[in-house]
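Notes follow the structure.
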Amino acid sequence: MNVLIIGAGGREYSIGLALQKDENVDKIYFAPGNGATDELGENLEISDFNELADFVEANAVELTIVGPEAPLVEGIVDVFEKRDLAIFGPSAQAAQLEGSKIFMKNFLARHNVPTAKYIETDSLEDAYKFINTLEAPIVVKADGLCGGKGVIIAQSHDEAKKAAGEMLSGNSFGDAGTSIVVEEFLDGYELSVFAICDGKDYVVLPAAQDHKRLLNNDEGPNTGGMGAYAPTPLINDEIYRKLNERVIEPTLKGMESEGMPFTGVLFIGVMVVKGEPIILEYNVRFGDPECEEIMPLLKSPASELFYKAATGNLKNAKIEFYDKYAVGVVMASKDYPYKSTAPAEIIVDDIYHDELNENAHISYAGVSRGDDGKLYATGGRVLVCVGVGDSIKEAQERAYMLVGQVHYAGKQCRTDIAYQAL
Ligand code: AMP
Ligand code: GLY
């Protein structure tokens, strides 16, 4: 089959790599793709949803996979489904699970899914009152999408009140902050759990752990993610069982009963507090960089997983994973995450080591192809070096061996990805 992937990041590149290995897949298209996805397939300069659907019809594309949240929230799935085209992702209505924190929090409360104590409000007075009932640190979040930057972890009551005031006055996040969520701080460790859903049934993927801070030892500012690994030993059968029974099943049933069955990736941001999984947030797409580590662990054909989910046929699907580990190290540009950096040519050494060639690869993200045909680092997160192995240690060593073969001016990366598991 021919497949279209919507998006431009390392996440979409890694989905493309998994599809490239899949015998059932003929041609792969990316819209828009990046400077390296043209090696896996063809990049399209189309962004209008109806024009994309026209392309899909004209080019016998049997499956479209949506990577990022923005087109989902904007309703790409609704446009495709109206035209009877198979597309993997939730409808605009269902995508509110990510698009609006308040929608998500109220949904979790309606369906008794465990989450931090919270209020949503547009009143500063109510925010102050609730803040006074909590112990510091206190979490203040803007509603709406603000690129993962709408969360303040305030270390004192005063700081929490100040953050609430700034968000509500529209000073910090514009319209995304006209309503806010104030919630209790959860003290535990964080996991990324992904369930592939077809509206009723689901497949849980190997759980990952992301590294959101810029610097080693989880210091420095928050980023989109500086590396991840999977599966993480910080989860066990008991936590998986609790997640299935208390979180995923009530969510799928709840979404269905409220008339917006959930299809696509349910990305569950979990905080494990004293052995209990508590939901921090939902996203309605793969995590980036988590996707880059999970895709190489998928043993079943990727097209089968995504096509069955998109068409409501996961029930009897046997989706298998390799009994291996993957570690992904993000290589970012010099000034990430503060500002953009001038383009820098990327050079990857010829790798003559068979072991490395067979067990490590690059997922390209913020890269562009120059007129000279060379690849340039042009984005904040430039690429992810992924190592696969029989242990986390082995996967980590391979990932960092590959990092050593990649060169561009100003490259930066963490040197401790997966440390929590070692
Ligand atoms: P969010 O966008 O809601 O996922 O928040 C971004 C990050 O802030 C999360 O990945 C957590 O690391 C942290 N965070 C958010 N809410 C809480 C909370 N209630 N307790 C502790 N940490 C939190
Ligand atoms: N890596 C976290 C995210 O994609 O939101």
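FYI, side chains are in, hydrogens and waters are out, and symmetry mates aren't considered; it's all heavy atoms of this structure. Order of appearance sets the numbers: ligands from 1, and atoms from 1 within every ligand.
- Relative to atom 19 (N) of ligand 1, the option among E190, E183, K117 with the closest non-hydrogen atom is E183.
- Salt bridge present: E245 and R241 bring a charged side-chain N and a carboxylate O closer than 4.0 Å.
- Here's the thing with K212: none of its N/O atoms is less than 3.5 angstrom from an N/O atom of ligand 2.
- Contact analysis puts I153 in contact with ligand 1, with a non-hydrogen atom separation below 4.0 angstrom.
- Closest to atom 2 (C) of ligand 2, if we only count protein heavy atoms, is D210 OD2, 3.3 Å.
- Comparing V270, V151, V139, V273 by heavy-atom distance to atom 8 (O) of ligand 1, the nearest is V151.
- Every atom of ligand 1 with a heavy atom of K212 under 4.0 Å away is listed here by number and element: 10 (O).
- In this structure, K21 places its NZ atom where more than 12 heavy-atom neighbours from other residues, nucleotides or ligands lie under 6.0 Å away.
- Between L280 and ligand 1, no pair of N/O atoms sits closer than 3.5 Å.
- Inclusion of N283 in the set of residues having an N or O under 3.5 Å from an N or O of ligand 2 is not warranted.
- A salt bridge links K200 to E256: one of the charged nitrogens lies within less than 4.0 Å of a carboxylate oxygen.
- Salt-bridge formation is not detected for the pair K141/E281: no Lys NZ or Arg NE/NH1/NH2 atom is positioned less than 4.0 Å from an Asp or Glu carboxylate oxygen.
- Under the side chain to side chain donor-acceptor pair (under 3.5 Å) rule, R414 has a single partner from T223, N217, D218, which is D218.
- Proximity to L186 (heavy-atom distance under 4.0 Å) selects the following atoms of ligand 1: 18 (C), 19 (N), 20 (N), 21 (C).
- Among E98, Q96, M104, the one residue that satisfies the side-chain contact (heavy atoms from CB on, under 4.5 Å) test with V284 is E98.
- Shown here is K334, whose NZ atom has no more than 12 heavy atoms of other residues, nucleotides or ligands within 6.0 Å.
- At least one heavy atom of G287 sits under 4.0 Å from some atom of ligand 2.
- For ligand 2, one of its N or O atoms has an N or O atom of G224 under 3.5 Å away.
- In this structure, R381 contributes its side chain and G224 its backbone to a donor-acceptor pair below 3.5 Å.
- For R11, the heavy-atom gap to ligand 2 stays at 4.0 angstrom or more.
- Across the listed options E184, R213, E281, K141, K141 owns the non-hydrogen atom lying nearest to atom 15 (C) of ligand 1.
- K308 and D198 are not joined by a salt bridge, as no carboxylate oxygen comes within less than 4.0 angstrom of a charged side-chain nitrogen.
- No more than 12 heavy atoms of other residues, nucleotides or ligands lie within 6.0 Å of CD in E125, so this atom counts as exposed by the packing criterion.
- Atoms of ligand 1 lying under 4.0 Å from any heavy atom of M271, numbered from 1 in the order shown and given with element: 21 (C), 22 (N).
- Of all atoms in ligand 1, listed by their number and element, those nearer than 4.0 Å to a heavy atom of F185 are 20 (N), 21 (C), 22 (N).
- A salt bridge links K105 and E183; the closest N-O separation between the charged side-chain nitrogens and carboxylate oxygens is under 4.0 Å.
- Of all the atoms in ligand 1, the ones that sit under 4.0 Å from a non-hydrogen atom of K101 are 1 (P), 2 (O), 3 (O).
- Residue contacts with ligand 2 leave out A228, since none of its heavy atoms falls under 4.0 Å from the ligand.
- Nearest to atom 4 (O) of ligand 2 by heavy-atom distance, out of R285, E290, H211, E292, is R285.
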